[in-house]
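Hydrogens, waters and symmetry mates are skipped; everything else that's a heavy atom, side chains included, is used. Note that the structure is a prediction, hence the values are computed from the model and not measured. Lettering follows sequence order; numbering is per chain, from 1.
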Amino acid sequence: MTEAATASEPAPIPGHIPESVVYDFDMFRDPAYLADPHKRVIDLLENAPPVFWTPRNGGHWMLVSHAANFEAARDCEDFSSEVLPYKEMEALLDQLADETGRVPRAYPINLDPPLHGIYRKPLQGVFSPRTINTMQEQIRAMACDLLDAVAGKGGCEFMSAVAEPLPVKVFLRMLGMPEDKYPEYRALVRAHLDAQALPGAEGALQRLQKVAQAMRDTIEERRDERRDDIISMLWGVEIDGRATTQEDLENYGVLLFIAGLDTVMQGIGLGVRHLAENPALQQRLRDDPSLISKATEELLRRYSFTVPPRRVARDMEFQGVQMKAGERAMLFLPGADLDPREFENPTEVNLEREGAHIAFNAGPHRCLGSHLARVELNILYEELLTRLPQFRLDPDKPPSFNCGHVVGVEQLHLVWGD
Amino acid sequence: MKIRIDKAACVGNARCWAVSEELFPLDDDGYIDIEEFEVPAGKEDLARRGARACPERVIQVIED
Ligand code: HEM
Ligand code: SF4
């Protein structure tokens, strides 16, 4: 890849932003970042200001330090999750609906309090640790099937063989969708992933419409005949005292699709890549599987991988820099969780580490699916270490990565043996 | 030793509960279901670990 092909045009630096807080970083195309994402994250922590403005991709803020992320994540008044203020956005989407059909809304991830809470509350029980724990054995069976299919092969491309199919299968099963939707959903996830790695939102609305379309029949069926699945549960909840509608159900389905599939997949990819490079850690976890849940946590911190966007809601000073209403700010959680001001020896994977990472963010938007994600990751690591022999990276095919709002592994070629 | 929790600021991710289901009970929605309690003798360490595990830092340990 050449430098020229990868850089986006820089935007002019606005007058209120001093040179000292400008740092050139393209979160979609930076070559070093694409080559080995978290290595570049560490470099940013060492060499870029803790809060900086980059002229790339139209120009935006990057919040790199733990302190900046923790504060901004909990301050929804100043850092809005609404791309446009709610009323403007609704008007725009309604207008679009006249041309293209209804556009599903991924509430509550793109709403601010108090509306945010109204749409989040009904999901809370559905994703509580208690509900998720009842899913464990089903998830384990799916993980085992995928791993057994590759165990005898001497190696595999792990993303397409295991990391991508597992969350899609779990998703379909949990929602209660028919198994034959699997190929359609894999394709939709693929399209979503490819789009994630690009700036801008081309085709995003159509993709969301397709996701909603693919679940429409199941949603209608469950309205009249409830089963033991999430779609049925969501027909039974209330939003602010009113019954849910077909539109609400489609919105929630789209939300879970964009929040719960590629995330788990990338978490698995980044974690397994670390294990492949660290045979001693593999051995330690094989010898004492009770350490796996600690490893899951520590790998989430070491390779935090989501970059949630915010809109600066008013002119203000934030941690020493001047921000203006309407500017965009990225919560660069990979930086927060590798910040040496917060974590001692941050690059070390230390199973005895205490304290809390923010891979699932902090504040009101903190990941609703974190219990499910942890269960999926834990079970996958447990079964991986039981069912596969020692594994390592294929020396002839090094891993490749993708970057953007979700940072992850594109291809992960593994071979068995030491 | 006492634990005091800023219940309104809990976002329901149960990291405290993962340390000790007994000390940090959750309500049906998965939010913390207790505001203040006296830590039983012998559970001080568990209580401290639960507090440190909270990503929101809303669990406060009040040492005697
Ligand atoms: C390792 C995997 C995962 C990671 C690292 C992760 C990370 C995150 C982060 C950082 C946020 C906050 C976004 C923001 O502040 O704008 C979030 C929100 C959310 N996540 Fe996850 N997530 C994961 C898996 C899941 C799964 C499996 C589900 C459910 C099926 C899920 C559902 C959600 C939902 C519904 C929200 C929106 C919450 C709100 O806005 O109140 N996530 N996630
Ligand atoms: S760890 Fe903190 S935020 Fe999570 S449930 Fe416990 S008190 Fe609430």
Side-chain angles (χ1 to χ4, degrees), chain A residues 66-67 69-71 73-76 108 113-114 116-117 120-134 233 237-238 293-294 296-298 300-301 304 333 336-337 342-343 352-375 378, chain B:
Chain A
H66 185 280
N69 280 286
F70 195 67
E71 183 179 341
R74 292 152 53 99
D75 177 1
C76 302
H116 165 264
R120 178 172 166 117
K121 190 166 190 332
L123 293 173
Q124 201 84 39
V126 178
F127 286 96
S128 74
R130 285 195 190 92
T131 328
I132 298 305
N133 284 341
T134 64
M233 283 169 93
V237 300
E238 287 188 345
S293 61
K294 296 206 170 104
T296 301
E297 237 23 67
E298 195 37 9
L300 278 167
R301 180 198 65 80
S304 289
L333 302 180
D337 279 341
E342 185 66 22
F343 298 99
E352 278 76 48
R353 194 184 290 280
E354 290 210 334
H357 63 73
I358 53 172
F360 293 113
N361 209 357
H365 287 280
R366 196 179 146 77
C367 181
L368 256 175
S370 64
H371 314 301
L372 174 60
R374 286 188 166 105
V375 164
N378 246 320
Chain B
M1 186 172 135
K2 249 210 280 229
I3 291 286
R4 189 176 296 151
I5 301 175
D6 178 4
K7 215 173 151 186
C10 167
V11 299
N13 272 269
R15 294 321 285 158
C16 52
W17 179 83
V19 172
S20 168
E21 298 186 23
E22 184 197 340
L23 291 179
F24 302 100
L26 303 183
D27 67 16
D28 285 342
D29 280 349
Y31 289 98
I32 190 78
D33 203 17
I34 193 163
E35 234 169 323
E36 197 173 305
F37 59 91
E38 209 48 69
V39 178
K43 305 267 178 192
E44 290 84 355
D45 235 33
L46 214 53
R48 278 191 208 100
R49 274 180 39 218
R52 277 198 297 270
C54 175
E56 300 299 312
R57 300 177 187 175
V58 303
I59 307 181
Q60 195 192 345
V61 180
I62 303 161
E63 303 277 356
D64 293 327

Do you know the tightest heavy-atom contact between [X] and [Y]?
X	Y	answer
A:R366	B:V11	CD-CG2, 3.2 Å
B:R57	A:F70	CD-CZ, 4.0 Å
B:G30	A:P129	CA-CD, 4.5 Å
A:A356	B:A53	CB-O, 3.6 Å
B:Y31	A:R120	OH-NE, 4.3 Å

At a heavy-atom distance under 4.5 Å, which candidate from [options] has the highest pair count against chain B?
options	value
A:S293, A:A73, A:G125	A:G125
A:S370, A:G363, A:S128, A:P364	A:G363
A:R374, A:R74, A:H357, A:H371	A:R374

Q: Please indicate whether A:N133 has more than 12 foreign heavy atoms, meaning atoms of other residues, nucleotides or ligands, lying under 6.0 Å from its CG.
A: yes
Q. Has B:R15 got its NZ or CZ under 6.0 Å from the middle of the six-membered ring of A:F360, at an angle within 45 degrees of the ring axis?
A. no
